[in-house]
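Lettering follows sequence order; numbering is per chain, from 1. Since the structure is predicted, the reported quantities are computational estimates derived from the model, not experimental observations.
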Number of protein chains: 2
Amino acid sequence: MADALEPEQLRAYFALMESVSLLQHAVEQQLRADGGISYVQFQLLARLAQTKQLTMTELADGVVYSRSGLTHQAKLLERAGLITRTGCPDDQRATVAAITDTGLALIRRLMPGHIEVTRSLLFDSLSNEDLHALTEIMTRARDHMRAQPPRSATSRRRPTTD
Amino acid sequence: MADALEPEQLRAYFALMESVSLLQHAVEQQLRADGGISYVQFQLLARLAQTKQLTMTELADGVVYSRSGLTHQAKLLERAGLITRTGCPDDQRATVAAITDTGLALIRRLMPGHIEVTRSLLFDSLSNEDLHALTEIMTRARDHMRAQPPRSATSRRRPTTD
DNA sequence: TATTGTTATACTCTATAACTATA
DNA sequence: TATAGTTATAGAGTATAACAATA
């Protein structure tokens, strides 16, 4: 089951990882320089810009891999006036995060540069057929990965009773 | 030039970033659990396993974005007995890094699990056509990104005189 | 008893600037 | 003067465990 990957699989794997590493680094530079926020913080803000209201657990999904990490980031965003955290009326245990006008304005201000970076680094080298193929492939891959159980029994998403 | 990305570009971008994030997290878990090393350290070891001898600058290429970061990682790897650093006879300024037998053994021990993670998370969801397309697309994207000049004038790869 | 979220803490990674030594 | 690399240091990110409050 764990033989060597085929050469083409290796090439795909390395090209994928290095490309995203380069892209992510460039995006992080832009966000930090233009808005003083990290990519993780940008992701959280972008999610809240779409759905307005999210509990901490919902907000964490797919972006952050530990609860304390999210609390830390949320605290920074709240301190910067970009989000608010209030108690949830439905479930007293939960905290509801929402983006502020300042946060919305920041996202709107950062978007053009963010888009420009991804365009010049990634999409400028892709044909329309490439784009279709990439979308299809990576969407399927993401769904597959999300459905995959974590390798270790001690996951932070679904902590077991041990 | 910086209009909104098309919806399909956005979908591709998000799927790409989230997939690699999930994959990288899984790979890091495996490497840390089975070998006690990080993904960056794994990449450095893997490069040295192929080419045996590399100067620090050559070794950094594409893996690490600052010289001091590489020095730090190299120090850790050296302390763990996984690589050696010796002066370069050709250029007295340079340091040549080489992998040790212990380092080679570690890479060989980690590879099956590493491959198994990437296979179960990524390649199991890909057809042969997908694999061909992905390889072609991401190889081209990587080459394009590598050729791209950094967005800011103050790059750490090509420090200017300011 | 399980879940939501926070806190405290420790560890790792990364980057900047100053420095040494060699080309 | 430019390059290769190290050092010191400071800042940010992340994770673990212990905890409080609610379901």
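- Under the side chain to side chain contact (heavy atoms under 4.5 Å, CB included) test applied with B:I37, the options B:L76, B:L45, B:L44 reduce to a single match, B:L45.
- The distance from atom CG of B:D91 to atom P of D:dT3 is 12 Å, rounded to the nearest whole Å.
- For the side chain to side chain contact (heavy atoms under 4.5 Å, CB included) test, residues two or more places apart in sequence or in another chain that qualify with A:T118 are A:L23, A:V27, A:H114, A:F123, B:L5, B:Y13.
- In this structure, the CD atom of B:E28 is 9 Å from the P atom of C:dC13, given to the nearest Å.
- A:R32 has no side-chain polar atom (N or O) that falls below the 4.0 Å cut-off from OP1 or OP2 of C:dT14.
- One can place CD of A:Q73 at 16 Å from C1' of C:dT7, the figure rounded to the nearest angstrom.
- For A:S38 and A:P89, each mapped to the nucleotide of DNA chain D holding its nearest heavy atom, the one lying further toward the 5' end belongs to A:S38.
- In this structure, the CD atom of A:Q41 is 9 Å from the P atom of D:dT14, given to the nearest Å.
- The nearest whole Å value for the distance from the CG atom in A:L44 to the P atom in D:dG13 is 11 Å.
- Separating the OG1 atom in A:T71 from the CZ atom in A:R67 is a distance of 8.5 Å, to the nearest 0.5 Å.
- Side chain of B:R85 to backbone of B:M56: no donor-acceptor contact under 3.5 angstrom is found.
- Taking atom CG of residue B:L76 and atom P of nucleotide C:dC11, one finds them 14 Å apart after rounding to whole Å.
- A:Y65 has its OH atom 18 Å from the C1' atom of C:dT12, to the nearest Å.
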Under 3.5 Å, N/O pairs linking protein and nucleotides 5-7 of chain D:
unit_1 : atom_1 : unit_2 : atom_2 : d
D:dG5  : OP1    : B:M56  : N      : 2.9
D:dG5  : OP1    : B:T95  : N      : 3.1
D:dG5  : OP1    : B:T95  : O      : 3.2
D:dG5  : OP2    : B:T57  : N      : 2.8
D:dG5  : OP2    : B:T57  : OG1    : 2.1
D:dG5  : O3'    : B:T95  : OG1    : 3.4
D:dG5  : N7     : B:R67  : NH1    : 2.9
D:dG5  : O6     : B:R67  : NH1    : 3.3
D:dT6  : OP1    : B:R85  : NH1    : 2.5
D:dT6  : OP2    : B:T71  : OG1    : 2.7
D:dT7  : OP2    : B:K75  : NZ     : 2.8

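- Separation of atoms CD1 (B:I107) and OG1 (B:T102) is listed at 12.0 Å; rounding is to 0.5 Å.
- For B:Q92 and D:dT3, the shortest distance from a side-chain N or O to OP1 or OP2 is not below 4.0 Å.
- With sequence neighbours excluded, the residues satisfying side chain to side chain contact (heavy atoms under 4.5 Å, CB included) with A:A98 are A:Q53, A:T84.
- Taking atom CD1 of residue A:I37 and atom P of nucleotide D:dG13, one finds them 11 Å apart after rounding to whole Å.
- Contact of the B:E18 side chain with the A:M145 side chain is not registered, since no non-hydrogen atoms from C-beta on lie closer than 4.5 Å.
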